[in-house]
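Atoms within each ligand, like the ligands themselves, are counted from 1 in listed order. When a residue number appears, it is its place in the shown sequence, counting from 1.
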Amino acid sequence: MIIATTIAEVRAQVAEWKRQGLTVGLVPTMGYLHEGHASLIDKAVSMCDKVVASVFVNPTQFGPGEDLETYPRDFKRDCALLTEHGCDMVFHPEVSEMYYEDAATFVEILSDMPKQLCGKTRPIHFRGVCTVVSKLFNIVTPDKAFFGQKDAQQLAIIRRMVRDMAYGIEIVGCPIVREADGLAKSSRNTYLSEEERKAALILSQSIKLAEQLLADGERDADKIVEAMTKKIETEPLAKIDYVSAVDGVTMATVHDVQTPTLFAIAVYIGKTRLIDNTIFE
Ligand code: AMP
């Protein structure tokens, strides 16, 4: 696997692949990779001739007081996982390679979409995500880019950005990968103590409850949100950030289940903020 740290190296290699008529897939990540990320690489390998992963903890998507400094990093281990899954190149830039000190250009969706769900407590988060993903698209110029349904709002926002800005890139959404007991895999799970790890199961249990109610024919979104909320409140270590039912495309609140409806939650387990969701299609 090629390890690239500069934009110029990535551009030269991708240009060479394109000269050979090969298709290129991009998997953007913040590293500390797990099987959720690996599933995106596997999907990209199955759909593209060459696969580029980026490993970059993007400072512009972290707000003050968030975990930018403590975000887990292990680039050596990331490279082993990427190599094992058939990734062709990893782009691992320094912050100074991605952002000029006086960088003043951002990509931002100005509808309510990035203000819902995670945007309520993380107001600059999606501006940072759109800016860095847009920049990665310009650097790698992939044919396809792969994102996890785990970050459902991010996926919807990227789809909107690609549509609005006419990026000629196909966005491929990939299902949530979970631990054997149901907890959605996340780099942030590493923050959890043994006791918190057990308590964190309340997230996937409340998502399962929503899926069960939907399977039983419940179509009142407010009732489902209420049942999920009550379930989470049974866990003393859990503190709810939000439990919401929203339109799966626009992220606007819904009261009746339509297709697609996204049931999304963010819950603090101790100091760690975890997210999970299910989409009804
Ligand atoms: P991150 O490194 O957390 O920024 O995630 C990079 C990509 O991996 C994003 O598209 C995430 O949605 C995706 N991802 C993270 N965790 C999972 C998971 N458990 N299942 C599927 N995709 C995931």
Task: Shortest non-hydrogen contact between K150 and I275, atoms and distance - done: CE-O, 3.4 Å
Open item on the list: Are any of the N/O atoms on V177, whether in the backbone or the side chain, positioned under 3.5 angstrom from an N/O atom of ligand 1?
Closed with: yes
Task: Numbered atoms and elements of ligand 1 in range of I176, under 4.0 angstrom, heavy atoms - done: 20 (N), 21 (C)
Open item on the list: My understanding is that we take every heavy atom of each candidate and find the minimum distance to atom 9 (C) of ligand 1. Doing that for K150, R188, Q154, E179, which one comes out nearest?
Closed with: Q154
- [ ] For atom 11 (C) of ligand 1, state which one of N189, V129, D151 supplies the nearest heavy atom.
- [x] D151
TODO: Please confirm whether F147 comes within less than 3.5 Å of ligand 1 when only nitrogen or oxygen atoms on both sides are compared.
DONE: no
Open item on the list: In terms of relative ring orientation, are Y167 and F137 parallel, tilted or perpendicular, with 30° and 60° separating the classes?
Closed with: perpendicular
Open item on the list: Test side-chain contact (heavy atoms from CB on, under 4.5 Å) on M30 and F62; report intermediate values, then the result.
Closed with: CA-CA 12 Å; M30 297 207 301; F62 287 78; 3.9 Å; yes
Open item on the list: What protein heavy atom lies closest to atom 21 (C) of ligand 1? Include the residue and the distance to one decimal.
Closed with: P175 O, 3.4 Å
TODO: Cation-pi check, R77 to Y32: give yes when NZ or CZ is under 6.0 Å from the six-membered ring centre and within 45° of the ring axis, no otherwise.
DONE: yes
Open item on the list: If we set the cut-off at 4.0 Å for heavy atoms, which region of L40 has an atom near ligand 1: side chain, backbone, both, or neither?
Closed with: side chain
Task: H34 near ligand 1 by a heavy-atom separation under 4.0 Å - done: yes
Task: Identity and distance of the protein heavy atom lying nearest atom 4 (O) of ligand 1 - done: M30 CG, 3.6 Å
Task: Cation-pi geometry met for K43 and F146 (6.0 Å, 45°) - done: no
Task: Linked hydrophobic residues, V177 as query - side chain contacts closer than 4.5 Å - done: none
Open item on the list: Quick test: of every protein heavy atom, which one is nearest to atom 6 (C) of ligand 1, and how far off is it to 0.1 Å?
Closed with: P28 O, 3.4 Å
- [ ] Please determine, by modelled atom types, if E9 and Q13 share a side-chain donor-acceptor pair under 3.5 angstrom.
- [x] no
- [ ] Using a strict 4.0 Å cut-off to heavy atoms of K185, name the atoms of ligand 1 that fall inside it.
- [x] 16 (N), 17 (C), 18 (C), 19 (N)
- [ ] Give the residue, atom name and distance (to 0.1 Å) of the protein heavy atom nearest atom 10 (O) of ligand 1.
- [x] G148 N, 2.9 Å
Open item on the list: Pairs of nitrogen or oxygen atoms closer than 3.5 Å, one from S187 and one from ligand 1: do any exist?
Closed with: no
Open item on the list: For residues 129-148, which residue pairs pass the salt bridge (charged side-chain N to carboxylate O under 4.0 Å, His left out) check, not counting sequence neighbours?
Closed with: K144-E170
Open item on the list: With a 3.5 Å distance limit and no angle check, can you tell me whether N277 reaches the backbone of I176 through a side-chain donor-acceptor pair?
Closed with: no
Open item on the list: With nothing but distance in play, are any N or O atoms of H37 less than 3.5 Å from an N or O of ligand 1?
Closed with: yes
